[in-house]
Every structure is written in C-alpha cells, then in structure tokens.
Amino acid sequence: MDNYQYNDGELYCEQTPLAEIAEKVGTPCYVYSKRSLVDSFDSYDSAFSPVERMICFALKSCANLSVIRLLAERGAGADIVSRGELFRALKAGVPGERIIYSGVGKTRREIAYALESEIYCFNVESIPELDLIDRVAGEMNLTAPVSLRINPDVESGTHEYTTTGKKETKFGIPYDQALDCYRKTASYQHLRVMGIDTHIGSQIVSTGPFVAAYEKIARLFRELVDDGFDLEFCDLGGGLGISYNDEVPPTARQFAEAVLPVAGPLGCRIVIEPGRSISGNAGVLLTRVVHYKQTEVKNFAVVDAGMNDIIRPSLYGAYHRIEHVARPDSRDQVTLDVVGPICESGDWIARERTMPRVNAGDLLCVYSAGAYSATMASNYNGRPRGAEVLVDGSDWQVIRKAETLDDLIRGEQL
Ligand code: LLP
C-alpha cells in the first residue's frame with residue numbers, strides 16, 4: 001500500500017504515526033494519504049495525456065469534500081449518480097462543466113438540479129429516461145446535454161454485484177438497440193447528443209474486458225459518425241481494480257496503453273470515471289480490539305468497527321489486509337475471525353485469517369479502505385460514523401468529524 005509503512009515497528013501514513021491519529025480522533029476512523037490520492041490521479045492524467053481528456057473522479061468511491069477538492073484542484077471532474085453527489089461536487093468546487101451524471105434512476109428533481117448547475121452531460125440509460133430529461137429540460141426552457149450509456153454485453157470477471165456491462169444487468173442501453181436509440185434522439189426537442197458512454201463493472205483486474213467493450217463502442221461510434229452524429233466525447237467509464245491481496249491489476253499507464261489504441265483514433269475527447277483506483281489504496285480504517293474471545297471452535301478479535309463502517313467483506317466476501325499498527329514483538333501466529341460488534345453473523349472484516357497474536361486494546365489497520373468504505377457506512381445498530389482524516393506528510397487534519405449521539409437523532413421528532 002503506497003505511503004503506508006513501518007518505521008521502527010510503528011505503522012505510519014506518510015510521516016504520520018497512525019497511532020497518534022487514533023489516539024486523538026478515536027476509533028474507528030478512516031485515514032487517507034494525500035500523496036497517494038494525488039499520485040494516483042496524476043498517473044491517470046499523464047497516462048491519458050496523448051489525448052484530450054477529462055478525468056471524472058467517481059464520487060461514490062470516496063466523497064469527502066476535502067478529497068474532492070484536492071483532486072478538483074488538479075483538474076479532476078466528477079462522476080456523480082445523485083443530487084447528493086452533485087451537491088458535494090459543487091460544494092467542493094468542481095465546475096459544472098466537469099460533471100458527468102450517470103445512473104439508471106435520475107428523478108425529475110435531480111435532473112432539474114443538474115440542468116440548473118449546467119453540468120457537462122447526462123449519461124442516459126434508457127428511453128424512458130430520455131423522455132423524462134427532454135420533458136424537464138423543455139419545462140425549464142433549456143437544452144439538456146446527453147450521451148447514451150451503452151451496455152456492450154461483455155464479461156468483466158468481477159463480482160456479480162459489481163458487474164454492469166452484461167445484458168442481464170439493469171445498466172445502459174442494449175448494444176443492439178443503440179443505433180436505433182441514437183436515431184430516436186432526433187425526435188426530441190430539448191436534447192443535444194454529445195457523446196457515447198459505457199461502464200462495464202468495478203474491481204476489474206485485467207485489460208481484456210475493457211478492450212473488448214471499447215472495441216464494440218468504437219465500432220458503434222464510427223457508425224454514428226457515418227450516420228451524421230457529431231460526437232464530442234467518448235466516456236470509457238471506471239472500473240480499474242486495485243490490489244487488496246495478491247491481485248496485480250494494470251497500472252493507469254498499462255490501462256491507457258491497452259485502451260488508447262482503440263479509443264484514441266476516434267479523435268474525440270476521452271472521459272474516464274475512475275474511483276477505487278484513485279481512492280482505494282490511499283485509505284485505511286483504524287480499529288481497536290475490544291475483546292479477544294475464544295470458543296471451542298474459533299478465535300475472534302472483536303473490534304470497534306463493524307459492517308456499518310466497512311461493509312465490503314459482508315456484502316461481497318471481500319478481502320482486506322489487516323495489520324497491527326504497532327508491530328508485535330512475538331512471532332506467534334493465530335488464526336482468527338476479525339468481527340465487529342453488530343448483531344449479525346455477517347458482521348465480519350476477516351475470516352480464518354492467520355496473523356500475529358491479537359490482544360484487547362491492540363490497534364489494527366484495515367487496508368484498502370479508501371474506496372467504498374466511508375461512503376457505504378451507515379448508522380446501523382445506533383453507531384455513529386467515525387472521523388475521516390487526511391494526512392499530508394507529518395501534518396494531518398480531520399476532514400470529517402466523528403458523529404455524535406446527537407447526529408444520530410438529527411431530524412427526528414417526538
Ligand atoms: N462510473 C460508473 C458509472 C460506476 O457505476 C462506477 C462504479 C464507477 C464509475 C467507478 O468505478 P471504480 O473505478 O471505482 O471501480 N461498492 C462496490 C463497488 C461498486 C461500484 C459501482 N460503480 C465495492 O465496494 O466493490
């Protein structure tokens with residue numbers, strides 16, 4: 001994990017000891033390395049520098065205002081899927097012209113807000129959605145910029161829940177209907193067709209599925225140009241995986257080298273929507289062991305983070321590497337489950353993990369928690385969400401305070 005390393009047996013993020021953060025802000029808490037976020041964004045930016053590009057960070061992976069602002073200052077746009085994410089993007093300073101709006105269920109209210117905010121484009125996923133955007137734009141006396149998200153029907157080799165480019169999924173317009181659908185856009189009064197879009201899934205660890213999808217999209221793009229469409233951009237989506245355990249995903253450069261020969265010759269602006277590959281390995285979750293519990297059949301480290309703080313293991317069976325923040329002196333190993341305090345047997349962070357012996361009070365670091373961890377957190381079981389911290393060398397700042405008990409009941413009435 002970039003920028004997380006031991007010095008004298010103590011785990012640091014950049015030049016900051018993680019124990020110091022946990023001590024001051026409490027656990028569980030999320031920590032992000034500024035260096036790692038910036039370097040990952042910059043590596044995309046330079047890998048795609050041969051083409052005119054717009055790199056729209058997928059806010060769903062990590063939506064803290066400070067993180068968005070950091071990336072926006074380096075030129076990032078935002079890939080959003082809700083009015084809440086639009087609000088965040090604008091608050092963080094992302095200009096409307098760098099915002100792409102994806103998602104299958106944009107409501108009238110959301111569409112109106114995005115039109116008011118003059119976003120770059122809506123990635124539209126169905127004919128009913130085209131109808132609705134046209135209607136709302138008409139009522140507002142505006143023209144809505146749209147591109148069609150095409151479902152290329154390719155296998156991405158990732159988890160079923162994060163596969164989005166197979167025809168059985170709810171996403172996009174089926175490839176075979178795409179040309180007709182583009183032609184139908186001529187009948188709308190309040191739409192301007194600007195581009196083409198696809199997204200085939202998340203945590204994809206080889207370039208093959210991307211290339212297969214983009215070859216189909218490039219073919220369609222050329223048919224559309226022959227048909228008289230003037231397309232300004234091609235949005236290749238996000239989805240590049242990261243290493244959680246022993247995966248060896250392509251780097252941004254390898255990704256660009258594989259996909260630019262297919263998409264570059266289209267001669268249009270290339271949009272990408274990376275999320276996890278920018279934020280995932282920039283962040284960790286710190287959690288403290290509450291109890292070490294042994295039963296006849298198992299050992300458990302009961303920690304103070306639960307599935308409400310990091311749901312990926314419970315939801316996808318995901319692996320997250322875990323290490324002690326203070327490296328134990330003893331070489332003794334133990335096989336255990338790392339579990340949270342929540343009243344569900346699915347509340348686990350690691351299962352049958354062999355690691356150095358764990359004791360109550362130990363501080364543990366759960367790696368690769370920069371993406372889809374804080375953004376998927378909830379208050380389940382009456383649990384306030386932990387703080388978020390951004391580290392910059394030996395400086396660090398709380399970029400979201402830990403929630404209080406009052407936060408838990410905000411808006412409720414007796
Ligand atoms: N663009 C669109 C339209 C998406 O749906 C997604 C992710 C992305 C971009 C960013 O994908 P990334 O580069 O982060 O892979 N909660 C799951 C991941 C769900 C991803 C959904 N869409 C997880 O924790 O693995």
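Bear in mind that the values here come from a model prediction, so they are computed numbers and not experimental data. Numbering of ligands and ligand atoms starts at 1, following listing order.
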- [ ] Assess His159 for proximity to ligand 1: is some non-hydrogen atom of it under 4.0 Å away?
- [x] no
- [ ] Looking only at protein heavy atoms, identify the closest one to atom 17 (C) of ligand 1 and say how far it is in Å.
- [x] Tyr316 OH, 3.0 Å
TODO: Look at the side chain of Thr169 and the backbone N and O of Thr164, then say whether any donor-acceptor pair between them is shorter than 3.5 Å.
DONE: yes
TODO: Could you check atom 19 (C) of ligand 1 against the protein and tell me its nearest heavy-atom contact, residue, atom and distance included?
DONE: Thr162 CG2, 3.9 Å
Open item on the list: Which label fits Phe122 and Tyr101: parallel for a plane angle under 30°, tilted from 30 to 60°, or perpendicular past 60°?
Closed with: parallel
Open item on the list: Checking a contact table here: which protein heavy atom is nearest atom 18 (C) of ligand 1, and how many Å away?
Closed with: Arg276 NH2, 3.5 Å
Task: Charged N-O contact under 4.0 Å between Arg149 and Glu129 - done: no
Task: Residue pair Cys62, Tyr30: steps toward the side chain to side chain contact (heavy atoms under 4.5 Å, CB included) verdict - done: CA-CA 11 Å; Cys62 182; Tyr30 306 89; over 6 Å; no
Open item on the list: Between Asp337 and Arg353, does any side-chain N to carboxylate O distance fall below 4.0 Å?
Closed with: no
Open item on the list: If the cut-off is 4.0 Å to any non-hydrogen atom of Ala58, which atoms of ligand 1 fall inside it?
Closed with: 8 (C), 9 (C), 10 (C)
- [ ] Considering only non-hydrogen protein atoms, determine which one is nearest to atom 24 (O) of ligand 1 and report residue, atom name and distance to 0.1 Å.
- [x] Arg312 NE, 2.6 Å
Task: For atom 15 (O) of ligand 1, closest protein heavy-atom neighbour - done: Ser202 OG, 2.4 Å
Task: Numbered atoms and elements of ligand 1 in range of Gly275, under 4.0 angstrom, heavy atoms - done: 12 (P), 13 (O), 14 (O)
- [ ] Compute the minimum heavy-atom distance from Pro274 to ligand 1 and say whether it is under 4.0 Å.
- [x] yes
TODO: Consider only side-chain N and O atoms of Tyr188 and Asp131, and report whether a donor and an acceptor are under 3.5 Å apart.
DONE: yes
Open item on the list: Students should be able to answer this: which protein heavy-atom is nearest to atom 9 (C) of ligand 1, and at what distance?
Closed with: Glu273 O, 3.2 Å
Open item on the list: Under a 4.0 angstrom heavy-atom cut-off, which atoms of ligand 1 come close to Met376?
Closed with: 16 (N)
Open item on the list: Are any of the N/O atoms on Gly239, whether in the backbone or the side chain, positioned under 3.5 angstrom from an N/O atom of ligand 1?
Closed with: yes
TODO: Report yes or no: does a heavy atom of Ser277 sit under 4.0 Å from some atom of ligand 1?
DONE: no
Open item on the list: Starting from atom 8 (C) of ligand 1, what is the nearest protein heavy atom, named by residue and atom, and what distance separates them?
Closed with: His199 CE1, 3.4 Å
Task: Salt-bridge present (Glu110, Arg83; N to O < 4.0 Å) - done: no
Open item on the list: Need the ligand 1 atom indices (1-based, order shown) with element for anything under 4.0 Å from a heavy-atom of Arg149.
Closed with: 3 (C)
Task: Note: Arg383-Asp309 ion pair, threshold 4.0 Å (strictly below) - done: yes
TODO: Measure the distance from atom 21 (C) of ligand 1 to every protein heavy atom, then report the residue, atom name and distance (to 0.1 Å) of the closest one.
DONE: Lys60 CD, 3.9 Å
TODO: Measure the shortest side-chain to side-chain distance between Leu240 and Pro250 over non-hydrogen atoms and say whether it is less than 4.5 angstrom.
DONE: yes
Task: Donor-acceptor under 3.5 Å (Arg88 side chain, Ala63 main chain) - done: yes
